[in-house]
Amino acid sequence: MTGPEYSTSSSCASTSEGASREPLQQQLESLRALFVAALMALLLLSMSVDIYLFRQFWMVRKDLAVTATFLEDYRKNKEPLLNTFVTRLQDFARSHPDLTPVLERYGIRPSAAGQVSQPMATPLPAAGQAGK
Amino acid sequence: MPKKDSFAVLLVGLLFVSAIVSVVLAVWYGFNVRDLRRLQPQTAASQARLNLAQALLSDMLEYSKRNPAIDPLLQSLNLKTNMALPPTTPKPASP
């Protein structure tokens, strides 16, 4: 084996090695492109989920605010008025017995004579328990 | 080649951030839904009581037509405005 022969065979081997690397390189590039495309698709999906979750969260938060406002208004304004109304009706019914049947339809009993009316003494029953 | 790698790294980073945002939003959403479900029975009960009170008030307004003695009670709570017109003085008969 002489030097030029070796050189020739060596260059031949490197050429064949380069030729065999070519498809590998192409496959790697193809795989890289596929990976990036999959990442982009996943990112798009994830951002869509984010937007959907944000909208749901915002809607629930708005519902929660409306519900809390309603309950606060009910407790602060409507419930005391309602209890006062019922208490006064009970007092009124003591002197006007013809009102008693109407009140009894709502589960309200006239307060006994001499009994001090309490604002929360007889709250209105729930709708399901009403005898109306 | 490094440029392509950095793009993939950027995408992975964005995906990671997006996943964290999803988790945070899901947790907030869960807490809010739990609070809303806790308040809903109270809201329904309050609404039912208000409906019942409205029906009671209607009956009382109906009753006040038969027995005006209840009017001061209703008016004191602003449940009935004093819509009654002042009694008109009869015109003197013209000669």
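Note on naming: letters A, B, ... go to the chains in the order of the sequence lines (proteins, then strands), and numbering restarts at 1 for each one.
Checked for salt-bridge contact, A:K76 and A:E72 meet the test: a charged N lies under 4.0 Å from a carboxylate O. Taking a cutoff of 4.0 Å between a charged side-chain nitrogen and a carboxylate oxygen, A:D98 and B:R66 do not qualify as a salt bridge.
With a 4.5 angstrom heavy-atom cutoff, B:N32 touches chain A via backbone and side-chain atoms both. Heavy atoms closer than 4.5 Å to chain A are found in the side chain of B:N67, but not in its backbone. Interface residue A:F70: only side-chain heavy atoms are found under 4.5 Å from chain B. With a 4.5 Å cut-off on non-hydrogen atoms, A:F35 touches chain B through its side chain but not through its backbone.
Shown here for A:V49 and B:S22, the closest heavy-atom pair between the two residues is CG1-OG, 4.2 Å.
B:S76 and A:R88 share a donor-acceptor pair across their side chains, judged by distance under 3.5 Å alone. If you check the side chains of A:Y74 and B:R49, you find a donor sitting under 3.5 Å from an acceptor. Side-chain contact check for B:Q42 and A:R75: at least one donor-acceptor pair (N or O, by modelled atom type) lies under 3.5 Å.
With hydrogens and angles ignored, the 3.5 Å screen pairs a side-chain donor or acceptor of B:S64 with a backbone N or O of B:L61.
For the set B:L50, B:N51, B:V17, the entry with the most heavy-atom pairs within less than 4.5 Å of chain A is B:L50. The greatest number of non-hydrogen atom pairs below 4.5 Å with chain A, out of B:A44, B:A19, B:A69, B:G30, is found for B:A69. Between chain A and the residues B:L57, B:V12, B:I70, B:V33, the most heavy-atom pairs under 4.5 angstrom are made by B:I70. Contacts with chain B were tallied for A:L43, A:D50, A:L89; A:D50 has the most, counting heavy-atom pairs under 4.5 Å. Highest contact tally toward chain B, considering only A:L71, A:L103, A:V102, is held by A:L71 [criterion: heavy-atom pairs under 4.5 Å].
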